[in-house]
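For reference, the structure is listed below as structure tokens.
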Amino acid sequence: MLTRRTFFSKVLAGAAAAALAPADALAMPGRAGTWTGRASLVPFGDVPEDEFWKELRKEFPIPTEEAFFNTGTLGVSPRPVLDAVIQHMRWVEESVAHWDYKPTQAEWMTGYQEEVWVREKLATLVGAKTEEIALTQNATFGMNFVANGLALHPGDEVLMTNQEHPGGSMGWQLKSKRYGIYVKQLPVPIPPEDPQQLIDLYVNATTPQTRVWAIPHVTSQLAITFPVKELCHLARDRGIFTAVDGAQVVGHLKVDVKKIGCDAYFSSPHKWLLAPKGTGFLYVRSDRLEEVWTTLASTEWDNHRVGAYRLMQYGTGNFSVLKGLEKAIDFHMAIGSERIERRIRGLADRLRSGLREIPGATIRSPTHPALTCATTVYALDGWRAEALMDALWERAKVRVRSMGDPWGVRHCCHIYNLEEEVDRTLETLRAMGAERR
Ligand SMILES: Cc1ncc(COP(=O)(O)O)c(C=O)c1O
């Protein structure tokens, strides 16, 4: 029988235990954030699959009777992440008088250092080089930094879809109003039937004036997974800059920015990576960094030798949330991106198969395997979207999010969800459907 203690020593030894020890924050190494190498994570091949996920669920502070399926809005940080932030914040407040500004001393705040220790981990996570990663507060910052930073001129065109989240698109609209560029919104067929339809949308709308393709990796409302790799390679052949909105992706699907071949990629780790709220990053491919002016200017705004650090001149920031972001990456890596993706896609497949058996239930998100992910959007005959959302909560403590009518509710499966929570949702939907037929 696996006890919680052996589970952690086997599975999450470094990621969890290091954060839990109060001494961790106080005994910070000479230079803050220097990786201590404590997280030597042992593979967990010998832990039975279902036992593993049930044990892991205990690391999340969501009450056991509540099934949380709204990661698309905000993820839930596991205890090691939460503890890392809280302990570090306490340490900052208690020990700030010890700060003597010597180069060997720990740092109490972020905003004036390169923060290589955490950028390096983000880079490893998404297959980038450290100097290509800028820390931001979220995806919205990343999108704005790219849109604002590129030198575009009246008449230049930016293509995007009509499915963008405002945090993936409005920076381009601002640029259009202010500088006279032309933003074309491509109408996505709902639901798209195959990846080729989405590729054709961009290719057919491109003209000699097209400078940028802004591409959502997974859309917010209907969870459409775009063929980003194919699109970015087609754009590259045409000399077009690609900016990919990965807000819904990092921590969800495995991301390798080099394989995708995009020029810029931004995300919000406080969603699927389960990081502290208010964390984000922007990747800009090294050979295109020179083209992006910084939006925020402080000491190093014009230093082109520091890579993407030039794009994170944000002034005083909260170092403690970066400690939490680091732990969230460790936690994710300890389990593994592929394993997480396999698990949560499996839960979503279970949900989709169940929905197909329920009279009156309609899946609104795509069903072509290449366009699906761990998020499903569905409607139920006789139920308005908001009433459906509320009833699932009131009857079964299942939290999904209304996407409005006629779309229904968005249901995101993550590693804190269990098969029984998916099954409970399906049983409740079946009963609700029967009531209104
Ligand atoms: C696809 C997409 N892009 C951008 C955003 C904006 O994210 P944030 O508010 O974290 O910047 C969201 C938020 O839900 C999103 O789903």
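Counting starts at 1 for both ligands and their atoms, following the listed order.
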Hey, could you give me each pair passing ring-ring contact (aromatic ring centres under 6.0 Å, His included) that has a residue in residues 169-219? Not counting sequence neighbours. Tyr202-Trp213, His217-Tyr265
Tell me yes or no: between the side chains of Gln313 and Thr299, is some donor less than 3.5 Å from an acceptor? no
Heavy-atom neighbours of Arg384 CZ exceed 12 at 6.0 Å: no
Quick one about Trp117 and Glu326 (side-chain donor to acceptor, distance below 3.5 Å, no hydrogens or angles considered), yes or no? no
Under 3.5 Å, N/O to N/O: give me all the pairs between ligand 1 and the protein, one per line with atom names and distance.
from     : atom 1 : to     : atom 2 : distance (Å)
ligand 1 : 3 (N)  : Asp245 : OD1    : 3.2
ligand 1 : 3 (N)  : Asp245 : OD2    : 2.6
ligand 1 : 10 (O) : Ser268 : OG     : 2.6
ligand 1 : 10 (O) : His270 : NE2    : 2.9
ligand 1 : 11 (O) : Asn138 : OD1    : 3.3
ligand 1 : 11 (O) : Ala139 : N      : 3.3
ligand 1 : 11 (O) : Thr140 : N      : 2.9
ligand 1 : 11 (O) : Thr140 : OG1    : 2.5
ligand 1 : 14 (O) : His165 : NE2    : 3.4
ligand 1 : 14 (O) : Lys271 : NZ     : 2.7
ligand 1 : 16 (O) : Ser220 : OG     : 3.2
ligand 1 : 16 (O) : Gln248 : NE2    : 2.8

Parallel, tilted or perpendicular, as decided by the 30° and 60° cut-offs, for the rings of Trp301 and Trp293: parallel
For the pair Tyr416 and His414, name the ring-plane relationship: parallel under 30°, tilted 30 to 60°, perpendicular over 60°. tilted
